[in-house]
Amino acid sequence: MRSDLIAQINPDALRHNYRELRAASPGAKLCAALKADAYGHGMRIVAPVLHEAGADMAAVATVPEAVELRRTGWSRPILLLGNVLATVDGAERGERLAAIVEHGLTITITDEDTVRVVGEWGGGAVIGAHVKVDSGMGRMGVMPDGLLPLIQRVRGCRLLRLVGIYSHFATADFDPSQRDLVQHQQAVFVEALLRVGDFLPPGVIRHLANSAATITLPEAHYDMVRPGLALYGYWPALHLRERIELRPCLRLVSHLTAVKELPVGHCVGYGRTFVTKRPTKLGIVPMGYFDGFLRCLSNRAMVTIRGAAAPVVGRVSMDQMAVDLTDVASGASALTPGTEVTIISDDPAAPNSVQAIATALGTIPYEVTCLLGQRVERTSSQQT
């Protein structure tokens, strides 16, 4: 049975974005960020496309995400970005370690406690590891002064094999006003690599570049880049649009479930935040804040119907929202229940693009796509 909410993922757009990012980082491996269900786009749809395209590695946040990724047929390395062994439950740690070994996963190490946990576990298989250094973001990662001792501990553990070293930029959009932080983090990472260079095994993968750095900062490409948002067709910042051609690969559609005529002065939705000022043709769409269309988009967002924009009116409810159809030309056929509604357009210039919705929310495109809920069915579509 099909859902009322269909997220159509365009594999051709995904392949295009992959090729563009490859061209922007010649000579470097590409690690596809597939965490958070491929940024809300559906891992089971996205992963096979990128695997076929030739992505060298994938990155996810948790062990269950990595196991799910293996089930899609992903046979290449998978990097766990989170400190997945940082749990007080010994039995849980053991289960995670067993899954890491079974599925050939690569862990991130940020402290010596993780090395101790792996060493005490005593399993027979060797686990690949990347050490993460905090170059200035202040989140996950060993501080630069502790990097060398940590690398020595990793290399001294018979159950660990050091295969990578990396860091992460704090300014994902590379805001020109914060260029100094980008340059600072790049310098810290370079200095860290120089300090530990003699202690790194041959072939260790050095990586730092997110989507923005992949596009604009070739000196940060090193051995591998880690694009996320740009793979899905969204620019980390609007000022980057002229640097690379990206194609949004998500289109979210639904349909009208009711159409009615309201007189002047009629309330729409909870709280009486919208009252009709003219005879109004109203449509109901079965998407609400449970599905990721947030309540704060009430009376602010737009959808498109037959190429025309229709405003969302009244408060967005848990399961549905109302749209004003009065100015939508019906053409040869009337607007009736079942008429398709585009909630998120794959046209970056549309009033209901991912970027437009993010702007209305005062947030970033990542949040818009990651919010899409479990009632949204992800499908593959060849739409252009």
Side-chain angles (χ1 to χ4, degrees), residues 1-10 36-42 44-45 248-262 266-276 280-331 333-347 350-354 356-358 360-361 363 365 367-381 383:
M1 186 177 298
R2 297 297 298 273
S3 170
D4 286 332
L5 300 167
I6 307 295
Q8 300 169 336
I9 309 303
N10 186 341
D37 198 23
Y39 288 37
H41 291 70
R44 66 177 180 83
I45 296 172
C249 62
L250 180 147
R251 179 173 179 261
L252 178 62
V253 299
S254 186
H255 57 265
L256 298 174
T257 55
V259 178
K260 61 197 302 184
E261 303 285 346
L262 296 183
H266 200 290
C267 166
V268 176
Y270 289 116
R272 205 183 183 204
T273 64
F274 182 86
V275 177
T276 58
T280 299
K281 179 177 287 187
L282 194 78
I284 304 301
V285 181
M287 182 167 191
Y289 54 78
F290 177 76
D291 306 299
F293 202 88
L294 297 187
R295 193 169 179 264
C296 54
L297 288 170
S298 304
N299 298 303
R300 299 171 65 190
M302 307 286 283
V303 299
T304 49
I305 303 172
R306 296 177 180 167
V312 174
V313 294
R315 286 230 174 105
V316 174
S317 302
M318 183 183 295
D319 310 302
Q320 56 189 340
M321 60 187 180
V323 296
D324 187 342
L325 304 175
T326 311
D327 296 327
V328 177
S330 59
S333 60
L335 297 173
T336 60
T339 300
E340 184 176 271
V341 176
T342 301
I343 299 170
I344 298 179
S345 174
D346 55 0
D347 177 358
N352 54 337
S353 69
V354 167
I357 295 171
L361 287 171
T363 187
E367 190 169 5
V368 174
T369 61
C370 287
L371 279 170
L372 296 180
Q374 64 192 45
R375 291 193 297 209
V376 177
E377 180 181 347
R378 281 78 168 170
T379 65
S380 180
S381 169
Q383 292 192 39

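Given the structure is predicted, the values throughout are model-derived calculations rather than measurements.
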Open item on the list: Rounded to the nearest 0.5 Å, what separates atom NZ in K281 from atom OG1 in T276?
Closed with: 15.0 Å
Can you tell if the side chain of [X] reaches within under 4.5 Å of the side chain of [Y], non-hydrogen atoms only?
X    : Y    : value
L282 : V313 : yes
N299 : T273 : yes
I357 : L297 : yes
V323 : V285 : yes
L256 : L325 : yes
R306 : T339 : yes
C296 : L361 : yes
L372 : H41  : no

Open item on the list: Salt bridge or not between R375 and D319? Use side-chain N to carboxylate O under 4.0 Å.
Closed with: yes
Open item on the list: Using a strict threshold of under 4.0 Å (side-chain N to carboxylate O), is an ion pair present between R44 and E377?
Closed with: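 No, no charged N to carboxylate O under 4.0 Å.
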TODO: Might you work through the side chain to side chain contact (heavy atoms under 4.5 Å, CB included) test for L5 and I343, ending with a clear yes or no?
DONE: CA-CA 9 Å; L5 300 167; I343 299 170; 4.0 Å; yes
Task: Stepwise side chain to side chain donor-acceptor pair (under 3.5 Å) check, N352 with T342 - done: CA-CA 8 Å; N352 54 337; T342 301; 5.6 Å; no
Shortest non-hydrogen contact from [X] toward [Y]:
X    : Y    : result
P286 : D291 : O-OD2, 4.3 Å
A356 : A350 : CB-O, 3.8 Å
G314 : S298 : O-CB, 3.3 Å
S380 : I45  : N-CD1, 3.9 Å
V316 : F293 : CG1-O, 3.3 Å
E340 : I305 : O-CG2, 3.7 Å

Open item on the list: As a quick check of understanding, evaluate side chain to side chain contact (heavy atoms under 4.5 Å, CB included) for K260 and L262, giving each step before the final call.
Closed with: CA-CA 7 Å; K260 61 197 302 184; L262 296 183; 4.1 Å; yes
Task: side chain to side chain donor-acceptor pair (under 3.5 Å) between T326 and D324, intermediate numbers included - done: CA-CA 6 Å; T326 311; D324 187 342; 2.6 Å; yes
Check: [Y] main-chain N/O paired with [X] side-chain donor or acceptor under 3.5 Å:
X    : Y    : result
S254 : D4   : yes
T369 : Y39  : yes
R378 : V376 : yes

TODO: Determine whether the side chains of S353 and D347 contain a donor N or O and an acceptor N or O closer than 3.5 Å.
DONE: no
Open item on the list: Show, in sequence, the C-alpha distance, side-chain angles and deciding distance for S317 and Y270, and conclude whether the side chain to side chain contact (heavy atoms under 4.5 Å, CB included) test is met.
Closed with: CA-CA 8 Å; S317 302; Y270 289 116; 3.7 Å; yes
Open item on the list: More than 12 heavy atoms of other residues, nucleotides or ligands under 6.0 Å from CZ of F290: yes or no?
Closed with: yes
